[in-house]
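This is a predicted model, so every value here is computed, not measured.
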Amino acid sequence: MSASGTPARLGDARLSGWNRRSEAVSGTGSIGIRVACLAVCALASAMFLTRLGGVDLWAPDEPRYARVSEEMRSFDHGIEGVVLPHLNGAPYTAKPPLYFWAAAASGFLGGNVTEAMARLPSALSGIGCVALVLLCGARLLGVRSAFLGSVILVTVYDFARVARRAQLDVMLTLFSSLALFAFWRANGRDGNQRVNIAVFHAAMGLGVLVKGPVAIVVPVLIVFVFLACERNLREWRSFFPVWAFALSILPGLIWMWAAATIAPDVFLSDSMGNTIDRFLSGTAHVRPWHYYFGHFPRTFLPWTVLWPWVIWAGLRRVFVASGVPERKSAWRFLLVWVGVTFAFFSFSAGKRGVYMLTAIPALALLCGDSMSWMYRTVRGDRWALPSVLAQVAFASTCAVGAGCLAVLYLRPAFLVSYLESISGTEMAFFAGALIVSSGLSAYVLKKSMNPLLAALSLVFLVEASVFVFLFPAANALRSTREVAEEAGRLAPEEGRIAVLANEALIGAVEYYGRRDVVELASEVAVAEFLTQRQGPAIVRAREIRALEERLPLRIHARSGKGSRHLVVVSPRD
């Protein structure tokens with residue numbers, strides 16, 4: 001304590017001490033990093049892999065991707081089907097092939113691309129992201145900060161949920177994060193420069209094969225803005241030597257050339273619609289420019305409550321006169337990573353919440369570094385703002401977790417139906433009420449345990465319980481397996497299954513029904529299809545009456561309820 005003995009100077013003294021130890025990781029060497037890596041990988045494996053095939057593939061994306069992967073694994077279309085994915089016997093040009101290659105390779109293990117095998121590439125990519133955040137974050141911010149950041153990443157609900165789905169975004173996040181961390185090492189002359197640049201470009205090249213040019217555009221924009229913030233744009237060319245483009249751009253160009261050769265009539269036009277047109281005009285998921293201002297905080301739940309801590313730590317610890325320059329640069333890099341990603345997808349006409357997953361690793365590291373500092377700096381002052389926030393966050397998490405677990409085990413169907421209908425405004429009011437009501441009890445909890453670590457543990461258990469127990473309970477509401485299998489059983493050997501104006505259902509019916517599917521636009525077209533005895537049809541329950549006005553129907557199977565209430569129909573004899 002200084003001569004004046006003021007708490008502010010005491011905090012400054014602690015801050016300076018922490019800054020002096022910022023890169024020393026306080027006695028934890030390579031063994032500590034290895035132990036931490038094993039620990040977080042074990043946590044991630046438990047979260048992402050447990051009962052990975054416990055629920056059916058949910059429409060629209062999962063069954064479609066599984067079907068594409070199965071057609072590739074079964075070699076139905078020869079070598080052309082491996083180069084260019086196929087769906088329902090026709091070229092599938094909406095996405096590049098890398099995820100489908102990985103899922104098809106997983107399918108060889110069991111002789112079929114099952115639910116678990118279709119999701120395995122995404123789950124392994126999630127584990128890789130967590131390990132990457134720990135190992136590379138330790139070089140940026142220290143082992144403790146990286147460890148907290150990696151555990152936060154595991155327990156970000158949307159990240160964990162998507163990592164357990166057959167979806168491309170977590171694999172894209174892995175390659176984008178690898179590229180950006182490799183750039184950071186190259187910029188800091190950490191290790192072999194040519195190797196770092198090669199990894200930077202190769203990771204972007206792999207990302208292109210997952211989800212297209214966005215895997216290059218966003219990382220390059222982040223690099224450019226960061227170098228501008230560091231007033232170091234003169235180094236721009238050193239990260240983009242001519243030879244490196246063979247790793248970043250050439251793989252995508254080779255694949256595009258091969259795919260265009262196989263399907264010249266559809267590939268170029270369809271791929272254009274799924275890249276440039278989707279960004280500029282929004283061919284799907286069109287949303288206003290401010291969409292992510294409301295949605296991104298929900299994407300980072302439950303740890304959005306830590307954002308005030310990041311602001312506090314940045315103002316009080318990092319961007320101060322006595323701050324360590326290397327840590328300032330690391331924070332600027334992570335902030336630019338999040339900011340550029342947010343701005344880029346906000347400018348895009350087509351928007352989905354999962355697009356922002358590529359920014360989650362950087363934000364998790366910022367939260368982890370802020371938490372690591374807060375508990376060292378204000379640990380002795382229970383009324384300091386960060387300490388109060390920690391208590392409130394822990395108490396709120398306890399309240400939410402206890403309530404969810406209680407309803408989960410007592411009435412899981414009620415919780416599922418409520419989660420499907422709750423609005424963002426209702427959720428905000430609900431969270432606010434929990435925070436206000438639990439603030440008083442938080443002080444008592446702080447006396448006996450570390451609020452952040454306790455909250456991390458509780459969130460992990462709650463989310464794992466949701467994935468292992470709640471999602472299987474929701475399967476009856478979300479799965480279309482029953483109606484698809486019944487339709488496949490009813491369809492003639494060379495027949496087809498009709499779907500009435502429901503594009504999202506096609507992939508699931510193809511995967512579980514094992515028949516070709518045709519989407520029809522009107523009840524008249526479905527009635528004609530059924531009259532010609534080409535096969536059964538799957539329609540929404542509310543559309544039955546309009547169909548029965550044209551021909552008598554027999555109902556064979558039902559699934560779901562509400563807007564997802566589907567029925568299998570055929571002409572009555």
S.K.: Please identify each residue that fulfils ring pair (Phe, Tyr, Trp, His ring centres under 6.0 Å) with F293, with sequence neighbours left out.
M.R.: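 For F293 the ring pair (Phe, Tyr, Trp, His ring centres under 6.0 Å) partners, ignoring immediate neighbours, are W289, F342.
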S.K.: Mind checking whether F226 and F183 have parallel, tilted or perpendicular rings, split at 30° and 60°?
M.R.: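 Ring orientation of F226 relative to F183: perpendicular.
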S.K.: What is the ring orientation for Y291 with H295, classed by angle as parallel under 30°, tilted 30 to 60°, or perpendicular over 60°?
M.R.: parallel
S.K.: Ring centres under 6.0 Å, that's the criterion: do F296 and W307 meet it?
M.R.: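 F296 vs W307: aromatic centres under 6.0 Å.
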S.K.: Side chain to side chain contact (heavy atoms under 4.5 Å, CB included) for M356 and D158? Distances and angles first, verdict last.
M.R.: CA-CA 10 Å; M356 286 299 296; D158 260 16; over 6 Å; no
S.K.: Measure up the F181 and W337 rings against each other and bin them: parallel (under 30°), tilted (30 to 60°), perpendicular (over 60°).
M.R.: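 Rings of F181 and W337: perpendicular, as their planes differ by over 60°.
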S.K.: Could you tell me whether D169 and R352 make a salt bridge, using a distance below 4.0 angstrom between a side-chain N and a carboxylate O?
M.R.: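 Looking at R352 together with D169, the answer is no, because their closest N to O distance does not fall below 4.0 Å.
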S.K.: Distance only, no hydrogens: is a donor on one side chain within 3.5 Å (strictly under) of an acceptor on the other, for W312 and S370?
M.R.: no
S.K.: Before you tell me yes or no, could you show the steps for R165 and D61 under salt bridge (charged side-chain N to carboxylate O under 4.0 Å, His left out), namely the whole-Å CA-CA distance, both residues' side-chain angles and the distance that decides it to 0.1 Å?
M.R.: CA-CA 9 Å; R165 289 176 57 83; D61 293 333; 5.4 Å; no
S.K.: Is there a side-chain contact between V170 and Y99 (heavy atoms, below 4.5 Å)?
M.R.: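 Heavy-atom side-chain distance check fails, nothing below 4.5 Å.
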S.K.: For Y65, enumerate each residue passing the ring pair (Phe, Tyr, Trp, His ring centres under 6.0 Å) test, keeping only those at least two apart in sequence or located in another chain.
M.R.: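 Y65 satisfies ring pair (Phe, Tyr, Trp, His ring centres under 6.0 Å) with F100 once adjacent residues are dropped.
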S.K.: Mind running side chain to side chain contact (heavy atoms under 4.5 Å, CB included) on I360 and T173 for me, showing each step along the way?
M.R.: CA-CA 9 Å; I360 296 295; T173 300; 5.9 Å; no
S.K.: Check for me whether the distance between the ring centres of Y157 and F467 falls short of 6.0 Å.
M.R.: yes
S.K.: Could you list the residues that satisfy side chain to side chain contact (heavy atoms under 4.5 Å, CB included) with S106, not counting sequence neighbours?
M.R.: M117, L120, P121
S.K.: Could you list all the side-chain hydrogen bond (donor to acceptor under 3.5 Å, both in side chains) pairs where at least one residue sits in residues 175-184, not counting sequence neighbours?
M.R.: none
S.K.: Under a 4.0 Å N-O cut-off, is there an ion pair linking E115 with R481?
M.R.: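 Yes, this pair counts.
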S.K.: Apply side chain to side chain contact (heavy atoms under 4.5 Å, CB included) to R185 and list each qualifying residue two or more places apart in sequence or on a separate chain.
M.R.: R139, D190, N196
S.K.: I'd like a table of donor-acceptor pairs (distance under 3.5 Å, sequence neighbours excluded) in which one partner is a side-chain atom from residues 199-208, with atom names and distances.
M.R.:
{"residue": "H201", "atom": "ND1", "partner": "S248", "partner atom": "OG", "Å": "3.1"}
{"residue": "H201", "atom": "NE2", "partner": "F239", "partner atom": "O", "Å": "2.8"}

